[in-house]
Amino acid sequence: MSATLSASTLLAIPLAPLAGAILAGVFGTALGGNFFGRRWSHTLTILGVLISFVLSASVLLKVIQDGARFNETLYTWMVVGGLKMEVGFLVDGLTAMMMCVVTFVSLMVHIYTMGYMEEDDGYNRFFGYISLFTFAMLMLVMSNNLLQLFFGWEAVGLVSYLLIGFWYNKPTAVFANMKAFLVNRVGDFGFILGIGLIVAFAGTLNYTEIFGKAGDLAKLSFPGTSWMLITVICICLFIGAMGKSAQFPLHVWLPDSMEGPTPISALIHAATMVTAGIFMVARMSPLFELSDTALSFIIVIGSITALFMGFLGIIQNDIKRVVAYSTLSQLGYMTVALGVSAYSVAVFHLMTHAFFKALLFLAAGSVIMGVHHNQDIRWMGGLRKYMPITWMTSLIGSLALIGTPLFSGFYSKDSIIEAVHESHLWGAGFANFAVLAGVFVTAFYSFRMYFLVFHGKERFDQNPDAHHESHKDGHHDAHDEHADDHKPHESPWVVTMPLILLAIPSVLIGYLTINGMLFGDFFKDAIFVDAVKHPTMKELAVNFHGAMEMAVHGLTTLPFWLALAGVASSYYMYMVNPALPTAIKRIFKPIFTVLENKYYFDWFNENVLAAGARRLGALLWANDKHVIDGGAVNGSWKLVNLVSGLVRRVQTGYIYHYAFWMIAGVFVLMTYFVGYPMLNQLLIK
């Protein structure tokens, strides 16, 4: 029998960061601003996340060594008819892995924040926010029902809104967080419809009960149509994932999230928020496996995101935006893996990506600090000798990102490519091209950034706008005041230590875990895999002969040579012949114009959708003012007022007036009934 887990231990995992968030938020921010002080704020929040990580690691060990499982309701909120709304935890291999990823990356971000946000006025508030973010994501991944999942889903959205707009005095930050909020509302509308359909036809919110009725749901049609109900449910759920995980065409919010401080960029892009959609689809895999149409839809959306968002990374000059577009592309890879039923491969890439993407973002933040908050890679260069730790860890993160054999990204990314190659679902052909072409594109823009930042000529003194750009990220760096010159400098230990700790799993985690996660029983009972209907993973297992053998074989495969070609191309174009990119841009100016305008999605959203909504609102307001208020509402009271004014003239209150009108009325009636017949007879004669 499997070992059991303690409910109190599991409850402490999300509550520890929540306690830190409340203490830092209330006593460090709300009550007079600095009731706790900076030291107490970061100490309490870091301690909360550390406790959560240690407990999560112990849970993971029990899951691996003893096969421990947990699926219980802790609290029943309400019962409506036969529908139970509960708070409970489901812990299996998928949950335990996500708990460790979330808490470890969050812990690194918390430590890093002490250095990056050192002189920011919102220091305590920021620690409260990121600790609350950790709590929300843990509640999401640990849930055993859709109600709690939706709570965590919306909570991470709320906190991301607060963090993207953390510097609320910056108009661009306010615009970015509102954009993220609105785009995610579109996705969440589809998500809540999917949950509503499940409740309507399955009558439950509990995962286990829903999966038990999956076969019955697959036999039903959507009312009034010939569509399969399970297909409609899965597509609605995936629309929610498109918003959270920034899939085309709901991807537009993620690059603008760079307006927030760099630590939160790392947390959003690596361990929280964007990973929620991938996790949700993997968790709901017993439903998605029953609809080939939904899976094909997922394949196409993921393929477009993986390839076309990668193209945008090529022309970015902001160091954080290059990394942001790489996140979009890698999320597309994960989505494609979900679409070809390689759920375990998708979450495996989610895990490896979390480490090297957090590393790349935090390294980018270190670079920004080192060059006094300039973010334009065109005005960097030669930083290797000034920032050796940041340089080496950035190189490790870049090698992992492009899928270099033996690095963590290689094992997960190549597994996705192989899984797509083995799939026979509609859309898999285009997906195969997209993920292969994406290898070259990823390598090109990743090492374009790497070479421009760390190698070549030093250009940081040549930027005419250096002093104006130095504080455009919204906070002040103490090093600027005390530095004798503007030469770059290595970051303090609270920044470099997380870089080193993240670099280790960026190299090793794929090698150490691929066998158990993809071909062992780590995800047993957590992710649905039907080897008869969709034999993708079975085909991968046949070709797998060990992590080292896979790496050696990877040196002979097409993805490796495409990645190598991307690195070589970027080196030649930006180190050997830097005039070539300008010439190419001049020749292919129309294409560059499209890329620089991000395929005009922002233009369409702002000038068609948003402007159309405003015009519709203005029309409805005019209708409300002139037709409803002016005609129906105001017109009715004006008519009543007119009639009452006329009636008021005869309602004097004097009895003799009423007597007079009564006598006059009798006279008129007598005249009519007596005088009219007499007059009529006289006329006849």
Side-chain angles (χ1 to χ4, degrees), residues 136-137 140 146 149-165 173-199 222 227 231-260 268-269 272-281 284 288 294 297-306 308-309 312 324-325 327-328 331-332 334-335 338-339 597-617 620:
M137 190 65 187
L140 187 155
L146 287 172
L149 172 71
F150 189 71
F151 163 77
W153 191 272
E154 293 302 315
V156 295
L158 170 64
V159 184
S160 69
Y161 167 83
L162 296 173
L163 284 163
I164 294 170
V174 174
F175 180 82
N177 73 348
M178 185 59 67
K179 186 176 183 179
F181 179 82
L182 293 175
V183 172
N184 274 277
R185 296 292 71 74
V186 175
D188 291 353
F189 180 69
F191 189 50
I192 196 67
L193 287 178
I195 294 175
L197 287 172
I198 291 174
V199 171
F222 188 73
W227 304 339
T231 297
V232 177
I233 289 174
C234 291
I235 290 178
C236 286
L237 293 177
F238 180 67
I239 289 173
M242 288 168 61
K244 275 291 181 290
S245 294
Q247 295 297 290
F248 164 88
L250 302 182
H251 64 279
V252 293
W253 68 270
L254 191 58
D256 287 350
S257 69
M258 298 301 96
E259 291 296 332
I268 288 177
H269 286 244
T272 60
M273 188 69 171
V274 298
T275 62
I278 306 300
F279 168 81
M280 183 273 292
V281 175
M284 304 303 291
F288 283 88
F297 178 71
I298 293 172
I299 290 173
V300 173
I301 294 297
S303 302
I304 294 172
T305 307
F308 289 93
M309 296 307 109
L312 295 180
Y325 278 106
T327 300
L328 281 172
L331 288 169
M334 299 175 208
T335 302
L338 294 172
N597 286 279
K598 296 175 282 190
Y599 307 116
Y600 294 97
F601 275 102
D602 285 338
W603 180 91
F604 178 81
N605 290 335
E606 293 173 22
N607 294 281
V608 178
L609 296 181
R614 288 195 297 270
R615 291 190 185 98
L616 178 61
L620 294 176

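Keep in mind the model is a prediction, meaning the values are calculated, not measured.
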Asker: Would Val252 and Lys598 count as a side chain to side chain contact (heavy atoms under 4.5 Å, CB included) if you check the C-alpha gap in whole Å, the side-chain angles of each, and the deciding distance to 0.1 Å?
Answerer: CA-CA 9 Å; Val252 293; Lys598 296 175 282 190; over 6 Å; no
Asker: Answer whether the closest heavy-atom distance between the side chains of Glu154 and Leu158 falls below 4.5 Å.
Answerer: no
Asker: Would you give the length of the straight line joining atom CD1 of Ile198 to atom CD1 of Ile233, rounded to the nearest 0.5 angstrom?
Answerer: 5.5 Å
Asker: Looking at every non-hydrogen atom in both residues, tell me the closest pair between Glu259 and Ala176 and how far apart they are.
Answerer: CG-CB, 3.8 Å
Asker: If the condition is ring-ring contact (aromatic ring centres under 6.0 Å, His included), which residues does Phe238 pass it with, not counting sequence neighbours?
Answerer: Phe297
Asker: As an exercise, state the distance from NZ of Lys179 to CZ of Phe175, rounded to the nearest 0.5 Å.
Answerer: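 Here the rounded value is 5.5 Å.
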Asker: Hey, could you give me the CH2/CD1 distance between Trp253 and Ile268, rounded to the nearest 0.5 Å?
Answerer: 6.0 Å
Asker: If every non-hydrogen atom of Pro249 is compared with every non-hydrogen atom of Met242, which pair is closest and at what distance?
Answerer: CD-CE, 3.6 Å
Asker: Carefully, step by step, assess Val608 and Trp603 under the rule side chain to side chain contact (heavy atoms under 4.5 Å, CB included).
Answerer: CA-CA 8 Å; Val608 178; Trp603 180 91; 4.1 Å; yes
Asker: Once rounded to the nearest 0.5 Å, what's the spacing between atom CZ of Arg614 and atom CG of Leu609?
Answerer: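 Reported to 0.5 Å precision, the distance equals 10.5 Å.
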Asker: Can you check whether His269 reaches Ser257 side chain to side chain, under 4.5 Å on heavy atoms?
Answerer: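 When only atoms from C-beta onward are counted, Ser257 and His269 do touch, with a gap below 4.5 Å.
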Asker: Hey, mind stepping through Ile164 and Phe181 against side chain to side chain contact (heavy atoms under 4.5 Å, CB included) and telling me if it holds?
Answerer: CA-CA 10 Å; Ile164 294 170; Phe181 179 82; over 6 Å; no
Asker: Show the nearest heavy-atom pair for residues Val156 and Met137, with the distance to one decimal.
Answerer: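 Smallest interatomic distance, heavy atoms only, reads CG1-N, 3.6 Å.
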Asker: Is it true that a side-chain atom of Trp153 and a backbone atom of Leu146 form a donor plus acceptor pair closer than 3.5 Å?
Answerer: no
Asker: Do Asn184 and Tyr161 touch side chain to side chain, with heavy atoms closer than 4.5 Å?
Answerer: no
Asker: So Met273 and Val159, do their side chains get closer than 4.5 Å, heavy atoms only?
Answerer: no
Asker: Side chains of Phe150 and Ile195: closer than 4.5 Å at any heavy-atom pair?
Answerer: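 They are in contact (side-chain heavy atoms under 4.5 Å apart), so the answer is yes.
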Asker: Relative to the ring of Phe601, is the ring of Phe248 parallel (under 30°), tilted (30 to 60°) or perpendicular (over 60°)?
Answerer: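 Judged by the thresholds at 30° and 60°, the geometry between Phe248 and Phe601 is perpendicular.
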Asker: Would you say that Tyr599 contacts Met309 through its side chain, given a criterion of any heavy-atom pair below 4.5 Å between the two side chains?
Answerer: yes
Asker: Do you know which two heavy atoms are closest between Met334 and Ile278, and how far apart they sit?
Answerer: CB-CD1, 3.9 Å
Asker: How far apart are the C-alpha atoms of Thr305 and Leu331, what are their side-chain angles, what is the distance that settles it, and do they pass the side chain to side chain contact (heavy atoms under 4.5 Å, CB included) test?
Answerer: CA-CA 8 Å; Thr305 307; Leu331 288 169; 5.5 Å; no
Asker: Might you point out which heavy atoms bring Met280 and Phe191 nearest each other, and give the distance in Å?
Answerer: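 In this case the closest contact between Met280 and Phe191 is CE-CE1, 3.8 Å.
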Asker: Hey, could you give me the CG/CG distance between Leu193 and Leu237, rounded to the nearest 0.5 Å?
Answerer: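 Those atoms lie 10.0 Å apart.
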Asker: At their closest point, which heavy atom of Gln247 faces which heavy atom of Gly302, and how far apart are they?
Answerer: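 For Gln247 versus Gly302, the nearest heavy atoms are OE1-CA, 3.6 Å.
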Asker: How long is the straight-line distance from CD1 of Ile304 back to CD1 of Ile299, given to the nearest 0.5 Å?
Answerer: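 So the CD1 of Ile299 and the CD1 of Ile304 are separated by 12.0 Å.
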Asker: Under 3.5 Å, is there a donor-acceptor pair between the side chain of Ser245 and the main chain of Val274?
Answerer: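 Confirmed, Ser245 side chain pairs with Val274 backbone.
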Asker: Mark yes when over 12 heavy atoms from residues, nucleotides or ligands other than Phe189 sit less than 6.0 Å from its CZ; otherwise mark no.
Answerer: no
